[in-house]
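To keep things clear, I will list the structure first and then write my remarks on it.
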Amino acid sequence: MNLYKNLSAIYHQMYQSLFDYDEEFDFYASVLHKFSVHSVLEYGCGTGNLAKRFLATNLDYLGIDLNREMLDIARKHVSNDDFVLGNLKTFQTNKKFDCALITGRTISYLTTNDEVLISFKNIAKNLKNHGILIFDAIDASLLFENFDETKKEISVGKYIRVGTSKPNLKTGWTWDWNSEYFEKTGDELKSLGKDHAIVRAFTKDEIKLFLSMADFEVLDVIDKETYMWQSHYYVARKK
């Protein structure tokens, strides 16, 4: 995805305003406290916006991301090197963690059932016995019941994102998400680049089945408003 590569600097600038990272961190921190978590493995850590907050609380932290460009920004943004290039399906570490987080709806990029199941099973290997998994997933029932092709424009400072979404249903509750990023100077717009992704939403029953097949038990499903696309947050425990 070009957004996380050539447009990574634009992502870092825009998404700090699109997401309320303080609120997001407070949510995760409350769940971590409930389960007495001391070590965290974050998948999809991006440019380190949550990492910065986790590290400030002295949690034992490691961030994983698929894109080197995002991690380069994270290391500068956080002034730390607790980041490793890797992905959900294959990353392994000798250390076992109390908790794994899949943040920023990263699970949305796992578009086939096989990818989801492989990822959950792989994550389990990096957790201690009865370790906790927390992640957010877009709700397919709410999204697809009245899903027509849409176009939406978002402005953050001098940057503008114009995004369109269109269902394709090729491998599940999936759709094409196309976006173009602009920089505004006066009345002029300069295109900075385009991005395309196939994105997946999930029903609650799908997620619960995947987790069960990967030897996790669901502890809680939490509704939470986001800036775009209604999501649920899942809390599960390794059996």
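Because the structure is predicted, anything quoted here is derived from the model rather than measured.
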### Task
Evaluate the criterion side chain to side chain contact (heavy atoms under 4.5 Å, CB included) for residue pair Ser231 and Arg105; output intermediate values, then yes/no.
CA-CA 8 Å; Ser231 300; Arg105 298 183 294 204; 3.2 Å; yes

### Query
Given Val40 and Leu32, is the side chain to side chain contact (heavy atoms under 4.5 Å, CB included) satisfied, shown in steps?
CA-CA 9 Å; Val40 170; Leu32 299 185; 3.8 Å; yes

### Candidate pair Arg53 and Asp22, rule salt bridge (charged side-chain N to carboxylate O under 4.0 Å, His left out), full reasoning
CA-CA 8 Å; Arg53 292 161 170 83; Asp22 286 331; 2.9 Å; yes

### Query
Between Tyr11 and Tyr15, does a ring-ring contact (aromatic ring centres under 6.0 Å, His included) hold up when you go through it step by step?
CA-CA 6 Å; Tyr11 169 95; Tyr15 280 74; 4.4 Å; yes

### Message
Between Arg237 and Glu217, does the salt bridge (charged side-chain N to carboxylate O under 4.0 Å, His left out) criterion hold? Intermediate values first, please.
### Response
CA-CA 5 Å; Arg237 178 165 50 207; Glu217 60 176 327; 3.2 Å; yes

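Proximity of Leu101 to Leu41: side-chain heavy atoms (C-beta onward) are nowhere separated by under 4.5 Å. Inter-residue side-chain proximity for Asn80 and Lys52 is flagged as unmet; no heavy-atom pair is nearer than 4.5 Å. Looking at heavy atoms from C-beta onward, Ile107 lies out of side-chain contact with Tyr43 at the 4.5 angstrom threshold. When side chains are defined from C-beta on, Leu133 counts as touching Ile102, because their heavy atoms get closer than 4.5 Å. Here the side chains of Ile132 and Leu219 are in contact, with some heavy-atom distance below 4.5 Å. Here the side chains of Phe25 and Thr57 are in contact, with some heavy-atom distance below 4.5 Å. Two residues are said to be in side-chain contact when any heavy atoms from C-beta on lie closer than 4.5 Å; Arg161 and Ile10 fail this criterion. By the 4.5 Å heavy-atom criterion applied to side chains, Leu71 and Cys45 are counted as neighbours.
Of the possible donor and acceptor atoms, one in the side chain of Gln92 sits under 3.5 Å from a partner among the backbone N and O of Asn122. Not one N or O on the side chain of Asp223 forms a donor-acceptor pair closer than 3.5 Å with the backbone of His232. Side-chain N or O atoms of Asn67 include none that pairs as donor or acceptor with a backbone N or O of Met70 at under 3.5 Å. Looking at Thr174, its side chain never comes within 3.5 Å of a backbone N or O of Asn168 through a donor-acceptor pair. Between the Gln13 side chain and the Ala9 main chain, no donor and acceptor come within less than 3.5 Å of each other. Remark: side-chain polar atoms of Asp98 are paired, donor with acceptor, to backbone N or O of His38 under 3.5 angstrom.
For Asp215 and Lys238, the salt-bridge test fails: no basic side-chain N is under 4.0 Å from an acidic carboxylate O.
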Only pairs under 3.5 Å count here: list side-chain donor-acceptor contacts from residues 83-91, not counting sequence neighbours, and write none if there are none.
{"from": "Asn87", "atom 1": "OD1", "to": "Lys89", "atom 2": "N", "distance (Å)": "2.9"}
{"from": "Asn87", "atom 1": "OD1", "to": "Thr90", "atom 2": "N", "distance (Å)": "2.9"}
{"from": "Asn87", "atom 1": "OD1", "to": "Thr90", "atom 2": "OG1", "distance (Å)": "3.0"}
{"from": "Asn87", "atom 1": "ND2", "to": "Thr90", "atom 2": "OG1", "distance (Å)": "3.2"}
{"from": "Lys89", "atom 1": "NZ", "to": "Glu115", "atom 2": "OE2", "distance (Å)": "3.2"}

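The neighbour count for Lys96 NZ, taken as heavy atoms of other residues, nucleotides or ligands under 6.0 Å away, is above 12. The local environment of CD in Glu188 is sparse, with at most 12 non-hydrogen atoms from other residues, nucleotides or ligands closer than 6.0 Å. Other residues, nucleotides and ligands contribute at most 12 non-hydrogen atoms within 6.0 Å of the NZ atom of Lys34. Within a 6.0 Å sphere centred on NZ of Lys95, other residues, nucleotides and ligands contribute more than 12 heavy atoms.
Among residues at least two apart or in separate chains, ring-ring contact (aromatic ring centres under 6.0 Å, His included) pairs with a member in residues 110-141 are Phe120-Phe135, Phe135-Tyr234. Every pair passing salt bridge (Lys or Arg N to Asp or Glu O under 4.0 Å) that includes a residue from residues 201-213 is listed here, sequence neighbours excluded: Arg200-Glu206. For the salt bridge (Lys or Arg N to Asp or Glu O under 4.0 Å) condition, no pair includes a residue of residues 169-179, sequence neighbours left out.
The distance from the CG atom of Asp136 to the CG atom of Asp139 is 12.0 Å, given to the nearest 0.5 Å. Atom-to-atom distance recorded for Met213:CE and Leu117:CG is 5.0 Å, nearest 0.5 angstrom. With rounding to the nearest 0.5 Å, the separation of CD1 in Ile64 from OG1 in Thr103 is 11.0 Å. Here Thr171 contributes atom OG1 and Ile198 contributes atom CD1; the two are 6.5 Å apart, rounded to the nearest 0.5 Å. The distance from the CG atom of Leu192 to the CD atom of Glu180 is 9.0 Å, given to the nearest 0.5 Å. For the atom pair NZ of Lys125 and CG of Leu127, the computed distance is 12.5 Å after rounding to the nearest 0.5 Å.
Val78 and Tyr4 fall within a single hydrophobic cluster, where Ile, Leu, Val, Met, Phe, Trp and Tyr are joined by side-chain heavy atoms under 4.5 Å apart, directly or via other members. Note: the hydrophobic cluster containing Leu55 also contains Leu50 (ILVMFWY, side chain heavy atoms under 4.5 Å, direct or indirect links). In the hydrophobic clustering of ILVMFWY residues, with side-chain heavy atoms under 4.5 Å counting as a link, Leu66 and Leu110 come out apart. A single hydrophobic cluster is not seen to contain both Ile118 and Leu211; linkage of ILVMFWY side chains at heavy-atom distances under 4.5 Å, directly or through other members, places them apart. If you chain together hydrophobic residues whose side chains sit under 4.5 Å apart, Ile207 and Val31 never meet in one group.
With side-chain heavy atoms closer than 4.5 Å counting as contact, directly or through intermediates, the hydrophobic cluster containing Ile160 also holds Val162, Phe182, Leu189. Within the hydrophobic cluster formed by Ile, Leu, Val, Met, Phe, Trp and Tyr side chains joined at under 4.5 Å, directly or through other members, Leu142 stands alone, with no partner residue. Hydrophobic clustering, defined by side-chain heavy atoms of Ile, Leu, Val, Met, Phe, Trp and Tyr closer than 4.5 Å, leaves Ile73 isolated from every other such residue.
Glu183 meets the salt bridge (charged side-chain N to carboxylate O under 4.0 Å, His left out) test with Lys158; sequence neighbours excluded. Residues passing the salt bridge (charged side-chain N to carboxylate O under 4.0 Å, His left out) test with Glu145, sequence neighbours excluded: none. Qualifying salt bridge (charged side-chain N to carboxylate O under 4.0 Å, His left out) partners for Asp81, counting only residues two or more places apart in sequence or in other chains: Arg75. With sequence neighbours excluded, the residues forming a side-chain contact (heavy atoms from CB on, under 4.5 Å) with Leu143 are Ile138, Phe147, Trp175, Ala201, Trp229, listed by chain and number. Residues passing the salt bridge (charged side-chain N to carboxylate O under 4.0 Å, His left out) test with Glu69: none are found, sequence neighbours excluded.
When every heavy atom of Cys99 is checked against every heavy atom of Ile134, the shortest pair comes out as SG-CD1, 3.9 Å. For Gly46 against Ala74, the heavy-atom pair with the smallest separation is O-CB, 3.7 Å. Looking at every heavy atom in both residues, Thr106 comes nearest to Gly44 through OG1-CA, 3.7 Å. In plain terms, the two heavy atoms of Met14 and Ile154 that are nearest each other are CE-O, 4.1 Å.
For the residue pair Tyr61/Glu42, the side-chain donor-acceptor check at 3.5 Å is satisfied.
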